[in-house]
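Single-structure report; data block below.
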Amino acid sequence: MNKIEMALLEKVSGLHKIPVGAVNIRKNGEAVKRTSTSEIEIVPKKDGSGIDVFVKPNVKGKSVHIPVLITIGGIDEVVYNDFYIGENADITIIAGCGIHNSSCNSSTHNGIHTFHLAKNSRVKYYESHVGEGEDSGGKILNPTTKIYQDDGSQMDMQTIQIGGVTSTVRKTYASLKNKAKLIVTEKLLTTDFQTADTDFKINLIGAGSSAQIVSRSVAKNYSTQQFKSTLIGKNQCFGHVECDGILLDEARIVSVPKIDAADCNASLIHEAAIGKIAGEELIKLMTLGLTRQQAEEAIIQGFLMGDN
Amino acid sequence: MLKLENISYIVEEDGLNKTILDNVSLTFEDGKTYVITGPNGSGKSTLVKLIMGIETPTSGNITLNGVSLDNLEINQRANLGISYAFQQPVKFKGLKVRDLLDWASGKKNDFATLCHYLSMVGLCARDYIDRALDDKLSGGELKRIELAMALCRNAKVNIFDEPEAGIDLWSFENLTNIFKNLKNCINIIVSHQKKILQIADEVILIKQGKVEKTGKYKQIAPLIESNQCNKLRGEHE
Ligand SMILES: Nc1ncnc2c1ncn2[C@@H]1O[C@H](COP(=O)(O)OP(=O)(O)OP(=O)(O)O)[C@@H](O)[C@H]1O
Ligand SMILES: [Mg+2]
């Protein structure tokens, strides 16, 4: 891999080199590296549309890296990656897509990731999206995540997209059985004329299931974001959606919450707060000697990168 | 020397002018501690906000060692050596105590230094530096961190707006000691507390936006007490 590709790989997956263990690296529409292990098997789909990843039951502390790199314009792909996580397994999956497009043709990656979590399994899923490259070619990333959680399983998903992506439609669908737990943290930054649409649909089917969705976003310049969420509680369950947005310049954020309690023991909460950076936060940092601009940057940095 | 000359602050409310500070002139000398006191809503916080540049006076001038502050932004005043601890500490989302102390002191601090600043306000650094300065901290913890941020600036002019608010009685002695140990600078403390008023070189009594009297605590004390009586009587009428 060349320099640009390595830098992009690091940005989307935090990797400095090609990792050991289960890996699938896709570059400009084709797999450039694929390694299975005795515990985690990566199998290409017969029609070439993606991969199936099988994690054996009880596998613990292992990771799977599946970064996607696009370094040219004119790519438009749909990739299906399916994950089958065995009972009691506990693993980390690091996905992410980086587009470095310095051409005037757009490149688009539609990544459809489906997770099947068997009983009592746990997954930590990190997904990061990066767009870069000077020219007018669009950097378009449309991730769809489908999550099917069996009894007692837990999914912790952290998804981050900090700038550079021209347009994105991010869909997350989840269905949770008894005592399953889902935690999603989304961090988004849009600038210029970028658009980001987020759509969550969470079905809490099982007794004692719970979902916690936190979206933190910053919209700058003329960018627009739309946050939609539907939380359906069909049992004794707990669901919490929090959409917290900072607006700058002429940007716009629309939040459309829907909570549907179809069982009298469902407890569902939606919180949304969108607004400018709080004046008192700016003032406080300025009293410490930071300029208005430095203060603004510090607040946004903390908001997006800090712990919740 | 910090000098306020003929400072007035007038706001418009429902189409009417409301005078919040009325022609206030004050001189603060180096090495002295001033405590501003007076009834709620009398204009104390507004007065110190004008010094920091958080609000802009309608008329009048402020100078620090002969340099006019009138056209300076908050951060420029901060860099000239003014520090300010808020009456109500500001909370953030995601910024850590360590980050704020680093910005406040203008450098990356090692653990020992952070420990020094936080222990001044009775906090153990290990428990706090990596915590976010958000509403998961208690009111008193936030207030102590607010004070630590102001103290670590080693400023020429230290402004504390009601530093005692939310601090437990047990720690009160320590708090007054902090102020006693701030030497060679100008300390301006807004307070209602007798123990803090007593450490002042000069107490400034503000009433309805005007300086009613300045002097030693002993001279001001009778006025404060009679003020309170007036207030009580007023409430009964
Ligand atoms: N921008 C403003 N618009 C309208 N009224 C204001 C404004 N700023 C301050 N005031 C009013 O000015 C008065 C003085 O406020 P200030 O906060 O300075 O009081 P204070 O003396 O600090 O009171 P406390 O002891 O309660 O802290 C109050 O009546 C307040 O409501
Ligand atoms: Mg006040």
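Note: hydrogens, waters and symmetry copies are ignored here, and every other heavy atom, side chains too, is used. To find a chain, count down the sequence lines: A is the first, B the second, and so on, and within it residues start at 1.
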Test log, rule ring pair (Phe, Tyr, Trp, His ring centres under 6.0 Å), inputs B:Tyr84 and B:Phe160:
CA-CA 6 Å; B:Tyr84 189 102; B:Phe160 299 96; 9.3 Å; no
Looking only at A:Gln294, A:Lys284, A:Glu280, the option with the highest number of non-hydrogen pairs under 4.5 Å against chain B is A:Lys284
Minimum heavy-atom separation for A:Thr190 to A:Ala196, with atom names?
CG2-CB, 3.7 Å
Exam field: side chain A:Arg170 to backbone A:Asp197, donor-acceptor pair closer than 3.5 Å:
no
Given a strict heavy-atom distance threshold of 4.5 Å, which part of A:Ala295 is in contact with chain B: side chain, backbone, both, or neither?
neither
Parallel, tilted or perpendicular, as decided by the 30° and 60° cut-offs, for the rings of A:Tyr222 and A:Phe193:
parallel
Checking heavy atoms, do the side chain of B:Leu80, its backbone, both or neither come under 4.5 Å from chain A?
neither
Based on non-hydrogen pairs under 4.5 Å, which of A:Arg292, A:Gln301, A:Glu281 is most in contact with chain B?
A:Glu281
